[in-house]
Amino acid sequence: MSTGDSGEVTVRPELDRRQAMSLVSAALTTVIPGLTVEALDERQELFANLGLDSLGLARLLIDLEGNLGVQLVDEYLMTIELVTVADLVALVEHSAPPAAK
């Protein structure tokens with residue numbers, strides 16, 4: 001994802017679903033103690049099912065930014081819903097720079 005001088009967000013699909021899920025799984029297992037990749041399902045809710053809290057979400061987004069080499073724009077994050085693991089996977093799919101392929 002990049003921003004131009006106008007502040008608009010450009011979203012480019014760069015990762016496939018499997019790659020994005022792998023990145024999300026790694027980040028979630030880093031942020032949520034005791035969580036295993038095998039226990040993850042895209043339908044799980046980040047807060048209700050996985051027990052993520054607001055601080056955990058911030059840590060998760062920072063971890064994903066580092067792994068993707070991008071900065072997630074707060075204004076963009078405020079316009080999307082991050083409820084399920086699938087929502088997070090979709091964010092990662094569309095936020096990766098071209099070099100992440």
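Along the sequence shown, residues carry numbers from 1.
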**Report entry** Close side-chain approach of Leu77 to Leu91, heavy-atom, < 4.5 Å
**Finding:** yes
Of all heavy-atom pairs between [X] and [Y], which one has the smallest distance, and what is that distance?
X     : Y     : answer
Arg18 : Asp16 : N-OD1, 3.1 Å
Ser95 : Leu72 : OG-CD2, 3.6 Å
Ala27 : Leu60 : CB-CD1, 3.4 Å
Phe47 : Leu57 : CZ-CD2, 3.8 Å

Query raised in the report: Residues two or more places apart in sequence or in another chain: which of them pass side-chain contact (heavy atoms from CB on, under 4.5 Å) with Ala58?
Result: none
**Report entry** Hphob cluster co-occupancy, Ile80 + Val73, side-chain heavy atoms under 4.5 angstrom
**Finding:** yes
Requested in this report: Starting at CG of Leu88, measure out to CE of Met21 and round the result to the nearest 0.5 Å.
Outcome: 9.0 Å
Query raised in the report: Is there any side-chain hydrogen bond (donor to acceptor under 3.5 Å, both in side chains) pair reaching into residues 52-66, and which pairs are they, with sequence neighbours excluded?
Result: Asp63-Asn67
Report summary line: With Leu46 as partner, the option from Asp87, Val85, Val83 fulfilling side chain to side chain contact (heavy atoms under 4.5 Å, CB included) is Val85
Set of residues satisfying side-chain hydrogen bond (donor to acceptor under 3.5 Å, both in side chains) with respect to [X], sequence neighbours excluded:
X     : answer
Arg17 : Glu42, Glu93
Ser25 : none
Arg43 : Asp41

Please tabulate, one pair per line, all N/O donor-acceptor pairs under 3.5 Å involving side-chain atoms of residues 32-40, not counting sequence neighbours.
residue : atom : partner : partner atom : Å
Thr36   : OG1  : Ala39   : N            : 3.3

